[in-house]
Amino acid sequence: MTDVNTTPEHTTIPDVSALTLEEKASLTSGASFWYTKPIDRVGVPAIMVTDGPHGLRKQREGGDHLGIGDSVPATCFPPAVGLGSSWDVELVHRVGEALGAETSIERVAVLLGPGINIKRSPLCGRNFEYLSEDPVVSGVLGAAIVRGIQSQGVGTSLKHFAANNQEDDRMRSSSDIDPRPLREIYLRGFQRVVEDAQPWTVMCSYNRINGVYASEDPWLLTQVLRDEWGFDGLVVSDWGAVNERVPGLAAGMDLEMPSSNGATDAQIVAAVQDGSLDESVLDTAAGRVLDLVRKATDGGGAVAGPLDVDAHHALAREAAGRSMVLLKNEGGLLPLRTQQSVALIGAFVDKPRFQGAGSSMINPTRVDDLPLEIVAQAGEDFVFQAQGFSIAVAPDPAEVERLRADAVALAAKNDVAVLFLGLPARLESEGYDREDIDLPADQLALVDAVLEVNPNTVVVLSNGGVVALPFADRVPAILEGWLLGQAGGGAIADVLYGQVNPSGKLTETIPVRLEDTPAYLDFPGEFSHVRYGEGLFVGYRWYDARRTEVAFPFGHGLSYTTFSYADAAAVVDADGDVEVTVAVTNTGDRAGREVVQVYTSLPGGAVQRPVRELKAFASVALEPGETRAVTLTVRRKDLAYWDIRLDAWVVEGGEYVVDVAASSRDIRSTVPVTVDGDPIVLPLSRTSSIGEVMAHPVVGPMVQAAIAQMMGTMDGVADIMPEGVDASKMMESFPIGRAGMFAMGDSNGAINPEMIDGLIAMANAPQD
Ligand code: BGC
């Protein structure tokens with residue numbers, strides 16, 4: 001088989017017109033688990049695609065046919081749950097470059113990521129692979145990863161398109177979503193990445209959306225993705241996502257993966273031959289596969305090996321240090337001082353959880369040893385260790401007691417107890433969802449037991465999805481460590497001892513209880529339908545609208561220094577975007593980074609809106625005492641809502657409230673800005689309300705005058721209206737087509753169907 005490993009660079013890939021019908025069809029499904037099909041006759045090589053997203057999972061030659069076995073060692077960077085918490089476009093881009101370099105060195109054409117689905121419920125088993133509950137965070141950081149990876153001459157696969165927000169029943173379930181949340185929450189991030197970073201491929205998801213499989217949805221794959229967003233790459237199916245191949249091809253699903261062993265290629269050939277599929281549809285899909293092969297061969301081997309394992313490990317450590325979120329730090333317990341003796345407690349000290357299970361699992365080049373890293377900072381004489389709890393499926397109760405007692409005794413003897421708690425790997429994975437958001441009971445019991453003997457207790461968490469923190473009021477310091485990749489051990493030591501000042505912030509809310517979460521009543525649905533009943537109110541949009549108490553809000557994260565904000569201002573620039581400026585000062589005595597957030601709202605707007613929505617953010621590095629003027633751009637298009645009457649984005653005019661904030665619940669400054677709305681004129685019909693007719697720019701003034709005159713002649717209206725109410729208010733919601741029957745007084749008979757139709761025609765006539 002010819003493949004990119006052996007093909008000389010600059011091979012000329014033929015045009016689709018050079019291929020036979022069978023050859024074209026053969027290109028539209030995989031040759032094997034990871035390869036496309038070659039066509040040796042005309043020199044089309046096979047190209048290889050592999051997972052992703054936070055490292056390269058390239059199966060060794062001769063691995064198992066399912067493609068899930070051992071893979072070549074690669075750097076395991078922090079999964080999205082960690083990296084996203086950096087909110088740092090530049091860092092994320094650099095990690096993308098490193099991922100792209102490893103992909104290129106291994107002669108892989110496309111890295112299958114990033115995954116940017118919205119974290120709708122904390123129960124989704126795959127949340128560790130996703131960036132945020134917010135589409136601006138997902139979109140901006142997703143675009144940075146794509147740009148970074150693709151800068152190395154290899155491609156990405158933006159996944160899982162779309163509305164794949166749970167694992168339960170993922171291959172059939174229909175995500176039933178109203179148009180506004182679908183556009184404003186679930187598609188918005190994908191739109192941003194497609195428009196800003198042009199991923200080589202988009203991977204359609206397994207699920208259905210409003211009853212239609214993503215893999216055969218012409219609205220999703222062609223109308224939205226290509227016609228509206230301008231995507232010109234290739235759509236690949238998630239592995240096994242194809243339901244009906246021929247309708248899928250016609251919908252815009254170009255490449256089926258993995259192999260169908262030729263079965264679906266034959267269906268395509270038959271459909272062309274019997275006239276049920278236009279050959280031009282096949283030409284388009286096969287042409288896109290050829291385009292991808294062309295890009296891959298052009299970029300092939302752009303990065304020469306060998307992999308600089310140390311340099312990438314160092315980057316993984318830097319990224320992991322920036323991924324942690326300091327949730328709480330009462331009394332400045334952190335950073336630890338080197339002369340303090342510490343008890344390291346927890347099963348995760350020796351067995352770190354640093355990535356999630358499933359298709360994204362990387363075979364790391366090395367894994368940091370946490371105790372060694374702590375000893376390197378604190379010195380051997382100050383570090384002690386106890387297991388504290390078991391992560392076995394059904395540990396022996398006597399063993400649990402013994403582990404706890406040993407840990408408590410150790411905690412009592414030392415200056416500080418650092419508890420490494422978290423979710424055992426089996427509790428979260430691709431392929432199934434969690435049943436609750438609780439840490440195991442024996443870990444919670446351990447926290448209380450340790451606190452009784454040592455108030456200087458720090459909790460460090462390892463988890464891919466958020467967990468409830470019932471001890472949050474009692475434990476003085478909590479460091480959310482997510483899953484940090486292979487260099488997590490060194491990075492945790494860096495943060496605990498202050499070599500790195502924590503700067504991560506939450507890209508998802510930590511709720512108090514599962515019952516408080518937005519999708520609680522609608523997750524995971526029933527009979528293969530999941531109703532997104534919370535609508536637009538996902539994540540902080542929900543908690544803020546309902547004023548629900550949360551454990552830690554979206555956007556929250558502390559530092560070992562402090563920051564002040566001053567002189568916030570917002571103006572509309574020449575492009576119609578809103579430029580927000582604010583002076584941020586590091587008011588403490590050590591260098592640090594602050595993630596500045598900008599939220600907007602439009603009180604009294606015409607449509608339902610969250611209390612505030614994130615529109616821009618920036619990660620700013622500041623030396624002690626340093627002040628920087630930070631400029632953040634709120635793009636005009638991000639102010640738009642999806643108008644269901646027009647099926648289009650609309651920016652509503654008015655005075656927007658701009659919140660400059662350190663978290664969604666720590667607003668430092670609020671400034672107004674007046675934004676001009678998009679001119680919208682809705683066509684009138686007989687069902688248009690009198691209010692809508694009165695507001696119409698062409699016929700409105702005339703109708704207003706007529707109604708005012710009519711009101712003046714109507715007897716008895718005053719008797720049925722409360723005092724002080726304008727009688728015309730009552731009429732505003734009458735459909736104009738039915739107005740005649742209510743007309744009274746002098747107007748009786750004057751409002752007739754012909755007159756109404758004339759008015760509608762006048763309103764709808766093209767205006768100069
Ligand atoms: C996952 C994808 C992955 C693919 C290939 C699927 O089950 O959903 O994210 O890229 O397998 O491993």
Side-chain angles (χ1 to χ4, degrees), residues 29-36 47-60 63-72 74 76 79-81 99 103 106 108-119 124-131 138 142 145-146 149 154-173 175 189-190 193 199-209 213-215 233-243 253-260 292 355-363 428-433 464 483:
S29 69
S32 61
F33 215 80
W34 304 118
Y35 280 93
T36 61
I47 59 169
M48 185 181 201
V49 301
T50 72
D51 288 308
H54 59 276
L56 186 71
R57 189 170 71 90
K58 182 186 179 191
Q59 247 206 314
R60 285 183 206 277
D64 63 273
H65 71 286
L66 276 180
I68 49 185
D70 191 21
S71 52
V72 300
C76 178
V81 62
L99 288 166
T103 306
E106 285 292 337
V108 170
V110 175
L111 185 66
L112 300 173
I116 66 155
N117 296 84
I118 291 291
K119 302 190 200 216
C124 174
R126 215 172 176 181
N127 275 356
F128 63 86
E129 262 191 75
Y130 299 141
L131 289 159
S138 305
I145 299 174
V146 168
I149 294 173
V154 295
T156 54
S157 200
L158 183 66
K159 67 190 189 182
H160 305 91
F161 189 58
N164 175 196
N165 310 101
Q166 65 188 53
E167 293 297 286
D168 187 274
D169 203 16
R170 67 172 167 163
M171 298 188 82
R172 296 183 308 180
S173 184
S175 302
F190 283 98
V193 181
W200 287 12
T201 79
V202 166
M203 185 190 291
C204 77
S205 55
Y206 288 125
N207 54 290
R208 292 177 291 155
I209 299 160
Y213 279 102
S215 65
L234 168 129
V235 173
V236 58
S237 72
D238 199 344
W239 269 229
V242 167
N243 176 52
M253 215 300 289
D254 306 307
L255 173 63
E256 174 182 10
M257 286 301 284
S259 168
S260 73
L292 180 70
Q355 62 176 334
S359 61
S360 69
M361 199 167 236
I362 309 308
N363 179 14
E428 51 184 355
S429 168
E430 175 180 345
Y432 55 90
D433 294 321
L483 305 177

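Atoms within each ligand, like the ligands themselves, are counted from 1 in listed order. Everything numeric in this text was worked out from a predicted model, so none of it was measured. For reference, positions follow the sequence shown, starting with 1.
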Could you pull out the closest heavy-atom pair between [X] and [Y], with the gap in Å?
X      : Y      : value
Tyr206 : Trp239 : OH-O, 2.7 Å
Met171 : Tyr213 : O-CE2, 3.5 Å
Ser215 : Ala241 : OG-O, 3.0 Å

*How long is the gap from CG on Asn164 to CZ on Arg126, to the nearest 0.5 Å?*
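Result: 7.0 Å between the selected atoms.
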
*Spatial distance of atom CG (Leu158) from atom CG (Leu112) [nearest 0.5 Å]*: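 One gets 11.5 Å once the value is rounded to the nearest 0.5 Å.
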
_Side-chain (Thr201) to main-chain (Thr156) donor-acceptor, under 3.5 angstrom_ =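 Looks like yes, one N/O pair under 3.5 Å.
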
*Heavy-atom cut-off of under 4.0 Å around ligand 1: list whichever protein residues fall inside it, by chain and number.*
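Lining ligand 1: Trp34, Asp51, Arg57, Leu112, Arg126, Lys159, His160, Arg170, Met203, Tyr206, Asp238, Trp239, Ser359, Glu430.
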
